[in-house]
Novice: 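Take a look at this one; I'll ask things after.
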Amino acid sequence: MINLIKGFHDILPDESQKWAFITNKARRCLERFGFREIVTPIMEKTELFRRGIGQATDIVEKEMYTFDDIGGESLSLRPEATAGILRSVVEHSLLRHEPILKIFSIGPMFRRERPSKGRFRQFFQINAEVLGDDSPLTDAETILVAFSMLEDIGAKDFSVEINSVGCRDCRDKYRSELRRFLQPSFNRLCPDCQRRFETNPLRILDCKEPECMRIGADAPLISDWLDASCRDHFDQVKTALDSVGVTYRVEPRLVRGLDYYSRTAFEFVHSQLGRTKAIGGGGRYDSLIEELGGPNVSGIGFGIGIERLAMNLPDEGALFQSKIDVFIAIIGSNARGPCFRIANQLRKLGLSVEARYSDMSLKAQMKVADRLCAKWVIMVGENELTQGQFTIRNMKTKNQLLVELSGIEQVVRGEEI
RNA sequence: GAGGGCGUAGCUCAGUUGGCAGAGUUCAGGGUUGUGGCCCCUGCGGUCGUGGGUUCGAGUCCCAUCGCUCUCCCCA
């Protein structure tokens, strides 16, 4: 037997109903906010991710599925959505036609990490981006659309954490200040953080090593180093969120894993399970579009992990239970051909119809109908076919009556017996 | 990358001191000749993860290995 790749997973039919529920709700919500869908390839040139995400990040350094194509070109499965989306936007000059662009995408991402609960090597993300608009209200609305989506889907026990990581200028100043503060304690930092000291000292405040947390406890905070315009921007984001009833917590140590964020950063954190279990997150980026060859405009976006979302939803329930309208129970092999045609006729009317064409007792077929939660069963044998009348049974009330083929739709739609 | 736990029927699991491979459930058939759920009966279903070792004899003990899973790290 050949089994699936470590860290990958199948979405089996039972689970897929839940997935359809989530993605349908998400689509509807995003469309209400004016987002349109974009579908980009799951594979891109490796260079795109090196430029877009940053060569020094863990994702690009250690976690990408990268290989050389037969032509010798280095390709990678996408570890996140934004780079590919922006590549497409820039390549097709979408911002020229529509200077403010709101788009979303739903699809699989790939990171070769060690799998654990809620973490997979292939995972699905709902991703949304607003490009070309740096109003703080857009930041708030982007957080709001994600928040509304989680509400619509029925996610419970999550909280919103936000922070401003400032623009490049304030971050540069803050970064030097932070280095100055951490320098005396450098040797006590964990190896990761010693490396981060050079590459991205902000992440040290995010470290969960006890010693690093102690050292970072009294560190200066980015909020004290925001310049006037960044502080004003952040204040307006918070005011806007307040005005629509989004409850959030300002988390001054929140720093996102990807390097390109500026100003607003946010996460949706599941508050019951372990505290590091983000179900989604995002933020503003101001140089990424230009870096990829587009105009010098900023964008803001977020990603939400579908698996983690699904994990926090109840497993079973009528919510995801699908029902078929009609099951055709076939009595005797001579009735199969006619039933095959009848099934198709009823489907053309818009009904969901099931039948089994292999040799089965009526009892067995009734069991199947029951298992499929059929609302109606039509029983068709030679008698019925010669008389042109069929027994139709309401599976809930157990009432039955004889109807002609043409009357089936009315009975099913009316549910009158 | 570090550290735990677990691998026995499609699924959930039991298996005592090393001594015939088990239960529930699912599925199929029957009880009810053309009528579902509940009940009863019967049946199908196994390389005990894999490979070695110890032993008269290994699901059980030992070694190795693979897989899954959880925690830490990191993230969605």
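Letters A, B, ... mirror the listed sequences (proteins, then strands); counts begin at 1. Note that the coordinates shown come from a computational prediction; the quantities given were computed from them, not determined experimentally.
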Novice: Counting the atoms with a prime plus P, OP1 and OP2 as sugar-phosphate, which does A/Gly381 contact under 4.0 Å by heavy atoms, base, sugar-phosphate, or nothing?
Specialist: nothing
Novice: What is the nucleic acid contact for A/Gly332, judged by heavy atoms within less than 4.0 Å: base, sugar-phosphate only, or nothing?
Specialist: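 The residue A/Gly332 makes no contact with any strand.
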Novice: With the side chain of A/Glu113 defined as its heavy atoms from C-beta on, choose the nearest nucleotide among B/A76, B/G31, B/G34.
Specialist: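 Between B/A76, B/G31, B/G34, the one nearest the side chain of A/Glu113 would be B/A76.
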Novice: Without decimals, in angstroms, what is the distance between A/Leu362 CG and B/G37 P?
Specialist: 12 Å
Novice: If you measure from the C1' atom in B/C62 to the same atom in B/C70, how many Å do you get, rounded?
Specialist: 27 Å
Novice: Given side chains that start at C-beta, do those of A/Leu241 and A/Phe147 come closer than 4.5 Å, heavy atoms only?
Specialist: no
Novice: Need one value for A/Ile279: base, sugar-phosphate or nothing, where a base atom within 4.0 Å counts as base even if backbone is also close, heavy atoms only.
Specialist: sugar-phosphate
Novice: In whole Å, measure the gap between the P atoms of B/C11 and B/G1 for me.
Specialist: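 To the nearest whole Å, 29 Å.
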Novice: Side-chain contact test, heavy atoms from C-beta onward, threshold under 4.5 Å: evaluate it for A/Ile85 versus A/Phe104 and give yes or no.
Specialist: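 A side-chain contact is absent here, since even the closest heavy-atom pair is not under 4.5 Å.
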Novice: Take N1-N3 plus N6-O4 or O6-N4 for Watson-Crick, N1-O2 plus O6-N3 for G-U, both under 3.5 Å. Which runs of 3 or more such pairs involve RNA chain B?
Specialist: B:1-7 with B:66-72, B:10-13 with B:22-25, B:27-31 with B:39-43, B:49-53 with B:61-65
Novice: Kindly say whether the aromatic ring centers of A/His270 and A/Phe158 come within a distance under 6.0 Å.
Specialist: no
Novice: Less than 6.0 Å separating the ring centroids of A/Phe8 and A/Phe120?
Specialist: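 Aromatic pair excluded; centres sit 6.0 Å or further apart.
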Novice: Nearest-Å distance, CG (A/Leu385) to P (B/G34)?
Specialist: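 Distance check: A/Leu385 CG to B/G34 P gives 16 Å.
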Novice: May I ask you to say what A/Lys6 touches in the nucleic acid, namely base, sugar-phosphate or nothing, with a heavy-atom cut-off under 4.0 Å?
Specialist: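 Answer is sugar-phosphate: A/Lys6 comes under 4.0 Å of backbone atoms only.
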Novice: Taking 4.0 angstrom as the limit, do A/Glu113 and A/Arg121 come out as a salt bridge?
Specialist: no
Novice: Do the charged groups of A/Arg51 and A/Glu291 touch, with an N to O distance under 4.0 Å?
Specialist: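 Looking at A/Arg51 and A/Glu291, the cut-off is met.
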Novice: Please report the distance separating the P of B/G67 from the corresponding atom of B/C40, rounded so that it comes out in whole Å.
Specialist: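 Nearest-Å result for B/G67 against B/C40 at atom P: 43 Å.
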Novice: When only distance counts, do a donor and an acceptor, one from the side chain of A/Gln365 and one from the base of B/U35, lie under 3.5 Å apart?
Specialist: no
Novice: Take atom CZ of A/Arg347 as the centre, draw a 6.0 Å sphere, and report whether it contains more than 12 heavy atoms from other residues, nucleotides or ligands.
Specialist: yes
Novice: For A/Ala364, which contact category applies under a 4.0 Å heavy-atom criterion: base, sugar-phosphate, or nothing?
Specialist: sugar-phosphate
Novice: Taking atom P of B/G10 as reference, at what distance in whole Å does atom CG of A/Leu12 sit?
Specialist: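 The distance from CG of A/Leu12 to P of B/G10 comes to 16 Å, rounded to the nearest Å.
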Novice: Let me know the distance between CD1 of A/Ile5 and P of B/C68, rounded to the nearest Å.
Specialist: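 The answer, rounded to whole Å, is 11 Å.
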Novice: I'd like the P distance from B/C63 over to B/C68, given in whole Å.
Specialist: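 Here B/C68 and B/C63 have their P atoms 23 Å from each other.
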Novice: Answer yes or no: is there a side-chain heavy-atom contact under 4.5 Å between A/Leu178 and A/Trp225?
Specialist: no
Novice: Where the side chain of A/Glu63 is concerned, which of B/C74, B/A76, B/U35 is the nearest nucleotide?
Specialist: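 My answer, after comparing the listed nucleotides, is B/C74.
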Novice: Taking the P atom of each, how far is B/G45 from B/A64, in whole Å?
Specialist: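 It comes out at 37 Å once rounded to the nearest Å.
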Novice: Would you say A/Glu384 and A/Thr391 make side-chain contact, with heavy atoms under 4.5 Å?
Specialist: yes
Novice: Base, sugar-phosphate or nothing for A/Phe268? Non-hydrogen atoms, less than 4.0 Å.
Specialist: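 No contact at all - A/Phe268 keeps every heavy atom at 4.0 Å or more from the nucleic acid.
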Novice: Taking atom types as they are modelled, would you say the side chain of A/Lys367 forms a donor-acceptor pair with the base of B/G29 within the 3.5 Å cutoff?
Specialist: no
Novice: Can you work out whether A/Val368 or A/Arg121 has the more 5'-proximal nearest nucleotide on RNA chain B?
Specialist: A/Val368
Novice: So which nucleotide from B/G36, B/G30, B/G34 ends up closest to the side chain of A/Ser361?
Specialist: B/G30
Novice: Using the C1' atoms only, state how far B/G37 lies from B/U32, rounded to an integer number of Å.
Specialist: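 Pairwise C1' distance, B/U32 against B/G37, rounds to 15 Å.
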Novice: In whole Å, what separates the C1' atom of B/U55 from that of B/U69?
Specialist: 33 Å
Novice: Which nucleotide in the list B/G1, B/G36, B/C74 gets nearest to the side chain of A/Asp370?
Specialist: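 Nearest nucleotide to the side chain: B/G36.
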Novice: Is there a donor N/O on one and an acceptor N/O on the other, under 3.5 Å, for the side chain of A/Arg114 and the base of B/C74?
Specialist: no
Novice: When the C1' atoms of B/U25 and B/C44 are considered, how many whole Å apart are they?
Specialist: 14 Å
Novice: Using atom NZ of A/Lys398 as one end and atom P of B/G37 as the other, report the distance to the nearest whole Å.
Specialist: 9 Å
Novice: Using only modelled atom types and a 3.5 angstrom limit, is any donor from either the side chain of A/Arg371 or the base of B/G36 paired with an acceptor on the other?
Specialist: no
Novice: The side chain of A/Arg119 is closest to which nucleotide in this list: B/G30, B/A76, B/G34?
Specialist: B/A76
Novice: Tell me the interatomic distance from A/Ile328, atom CD1, to B/U35, atom C1', rounded to whole angstroms.
Specialist: 16 Å
Novice: What's A/Glu384 touching, base or sugar-phosphate or nothing? Going by heavy atoms closer than 4.0 Å.
Specialist: base
Novice: Could you tell me the separation between the CE atom of A/Met395 and the P atom of B/G36, rounded to a whole number of Å?
Specialist: 9 Å
Novice: Considering only heavy atoms and no angle criterion, is a donor-acceptor pair shorter than 3.5 Å present between the side chain of A/Lys396 and the base of B/G37?
Specialist: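 Checked by distance alone, the answer is no.
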